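Here the structure comes first, spelled out in structure tokens, and everything after it is commentary.
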Amino acid sequence: MEYPLITLYESLYKSFGPQHWWPARTKFEIIAGAILTQQTTWKNVEKAIENLRKEHLLSVKNLGEAPLRKIEKLVRPVGYYRQKSKHLKGVSAYLLKHCRGDLNKFFRKETKTLRKELLMLRGIGKETADSILLYAGEKRVFVIDAYTRRVLQRLNLLVENDYDKIRRFFEKNLPKNIKIYREFHALLVKLGKEFCKRKPLCQSCPVLKEGLCPGKL
DNA sequence: ATCCAGGCCG
DNA sequence: CGGCCTGGAT
């Protein structure tokens with residue numbers, strides 16, 4: 001197979017269809033969601049986002065200036081809520097200071113620059129930074145998460161388990177198209193969540209049926 | 001009564 | 001590496 005990633009993408013899209021990922025109203029909501037969703041389920045994130053929305057805290061300025069205790073109470077359902085509250089507030093305060101909360105202006109910079117900038121903030125690691133760049137910044141970077149690594153490993157496509165190497169592997173072997181990056185990442189999450197779990201459900205897995213995966217052992 | 005989820009920090 | 005933490009599934 002010459003282009004295993006493209007083949008996989010087409011197979012997943014055929015099986016699952018478009019995922020309509022990251023239904024957020026604003027860029028800031030995507031940033032907040034990206035931090036909140038670390039190591040938890042999206043279901044819990046939705047509760048936290050709605051709590052923040054009710055208190056009108058889904059803006060750079062309001063969240064950056066909100067009392068930490070108040071944020072903590074609202075985002076509790078996501079877990080690690082004290083750390084995440086601190087991170088949310090810190091990131092907001094940073095954005096307020098550096099672009100007055102104007103995210104369009106913030107994202108106007110070069111991708112590489114933005115990535116470094118985001119990675120300096122506490123609470124934003126590589127995956128979160130790339131999620132923010134791809135979904136809020138509309139930058140063409142591929143997001144690597146635990147699901148992606150696991151799927152790749154089982155397909156025998158994981159040569160090195162280094163974040164940036166895996167990312168470049170995707171970026172080199174796919175059409176340079178933001179929409180495809182978004183859709184593919186979302187499809188991998190769907191696959192990981194429903195079939196390629198810790199204990200995989202190979203029997204019913206569409207990727208196995210397509211002959212793209214060797215299956216268990 | 002565990003186990004795990006769309007990680008990150010020190 | 002351990003610690004951070006809630007909610008749902010097993």
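Residue numbers start from 1 in every chain, and the chains themselves are labelled A, B, ... in the order their sequence lines are given, proteins ahead of strands. Model, not experiment: these values are computed from the prediction.
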- Would you call Lys47(A)-Glu50(A) a salt bridge at under 4.0 Å N-O? no
- Message: Without decimals, in angstroms, what is the distance between Ile144(A) CD1 and dG7(B) P?
- Response: 12 Å
- Note on the structure: Whole-Å distance, Ile35(A) CD1 to dC9(B) C1', equals 14 Å
- Note on the structure: Parsed dot-bracket for DNA chain C after applying the Watson-Crick and G-U rules with both distances under 3.5 Å and | for other-strand partners is ||||.|||||
- Note on the structure: Note: for Leu121(A) and Gly33(A) on DNA chain B, the residue whose nearest nucleotide lies more 5' is Gly33(A)
- Message: When you compare the side chains of Tyr135(A) and His185(A), does any donor N or O come within less than 3.5 Å of an acceptor on the partner?
- Response: yes
- Item | Presence of salt bridge, Glu138(A) and Lys27(A), under 4.0 angstrom | yes
- Which residue lies toward the 5' end of DNA chain C, Gly79(A) or Lys43(A), if each is placed at its nearest nucleotide? Gly79(A)
- pair Thr40(A)-Leu36(A): side-chain heavy atoms closer than 4.5 Å: no
- Rounded to whole Å, CZ of Arg122(A) lies from P of dC9(B) at a distance of 9 Å
- Task: Output yes when at least one side-chain N/O atom of Arg150(A) is less than 4.0 Å from OP1 or OP2 of dA5(B), else no.
- Result: yes
- Message: Regarding Ala146(A), tell me which of base, sugar-phosphate or nothing describes its non-hydrogen contacts under 4.0 Å with the strands shown.
- Response: sugar-phosphate
- Query: Taking atom C1' of dC8(B) as reference, at what distance in whole Å does atom CG of Leu36(A) sit?
  - Reply: 14 Å
- Item | Verdict with reasoning, Lys61(A) to Glu65(A), per salt bridge (Lys or Arg N to Asp or Glu O under 4.0 Å) | CA-CA 6 Å; Lys61(A) 182 169 169 55; Glu65(A) 293 175 348; 3.1 Å; yes
- Message: If I take atom CD in residue Glu127(A) and atom P in nucleotide dC9(B), what distance separates them, rounded to the nearest angstrom?
- Response: 12 Å
- Path from Trp22(A) to Leu188(A) over hydrophobic side-chain contacts below 4.5 Å: yes
- For DNA chain C, find the residues of residues 63-78 of chain A with a heavy-atom distance under 4.0 Å and give them by number; none if there aren't any. Arg76(A), Pro77(A)
- Query: When clusters are formed by joining ILVMFWY residues with side-chain heavy atoms under 4.5 Å apart, either directly or through shared neighbours, do Ile35(A) and Tyr80(A) land in the same one?
  - Reply: no
- Message: Within this structure, what is the CG-CD1 distance for the pair Leu118(A) and Ile124(A), rounded to the nearest 0.5 Å?
- Response: 5.0 Å
- Task: Check salt bridge (Lys or Arg N to Asp or Glu O under 4.0 Å) between Arg167(A) and all other residues, then give those that pass, not counting sequence neighbours.
- Result: Asp130(A), Asp164(A), Glu171(A)
- Could you tell me which non-hydrogen atom of Ala66(A) sits nearest to which non-hydrogen atom of Leu57(A), and how far apart they are? CB-CD2, 3.9 Å
- Message: Taking only side-chain N and O atoms of Gln38(A), does any of them lie within less than 4.0 angstrom of OP1 or OP2 on dG7(B)?
- Response: no
- Query: Under a 4.0 Å heavy-atom cut-off, which of residues 187-197 of chain A touch DNA chain C?
  - Reply: none
- Item | Leu187(A) versus Phe16(A), closest heavy-atom pair with distance | CD2-CB, 3.7 Å
- Query: So what does Thr128(A) hit on the nucleic acid, given a heavy-atom distance under 4.0 Å: a base, only sugar-phosphate, or nothing?
  - Reply: sugar-phosphate
- Query: What integer distance in Å separates Lys47(A):NZ from dA5(B):P?
  - Reply: 17 Å
- Query: When all nucleic acid strands are considered with a 4.0 Å heavy-atom cut-off, which category describes Tyr80(A): base, sugar-phosphate, or nothing?
  - Reply: base
- Once you round it to whole Å, what is the distance between C1' of dT2(B) and CZ of Arg198(A)? 13 Å
- Item | Path from Phe169(A) to Tyr3(A) over hydrophobic side-chain contacts below 4.5 Å | yes
- Task: Check every strand shown and say whether Leu119(A) touches a base, only sugar-phosphate, or nothing at a heavy-atom separation below 4.0 Å.
- Result: nothing
- Pair Tyr94(A)-Glu117(A), side-chain donor/acceptor within less than 3.5 Å: yes
- Minimum heavy-atom separation for Pro200(A) to Arg154(A), with atom names? CB-NH1, 3.6 Å
- Item | Range on DNA chain C touched by chain A, heavy atoms, distance below 4.0 Å | dC4(C) to dG8(C)
- Query: What integer number of Å spans the P atoms of dA1(B) and dC5(C)?
  - Reply: 23 Å
- Grab the NE2-P distance between His87(A) and dC9(B) for me, whole Å please. 6 Å
- Does Phe142(A) have any ring-ring contact (aromatic ring centres under 6.0 Å, His included) partners at least two apart in sequence or in another chain, and if so, which? Phe170(A), Tyr181(A), Phe184(A)
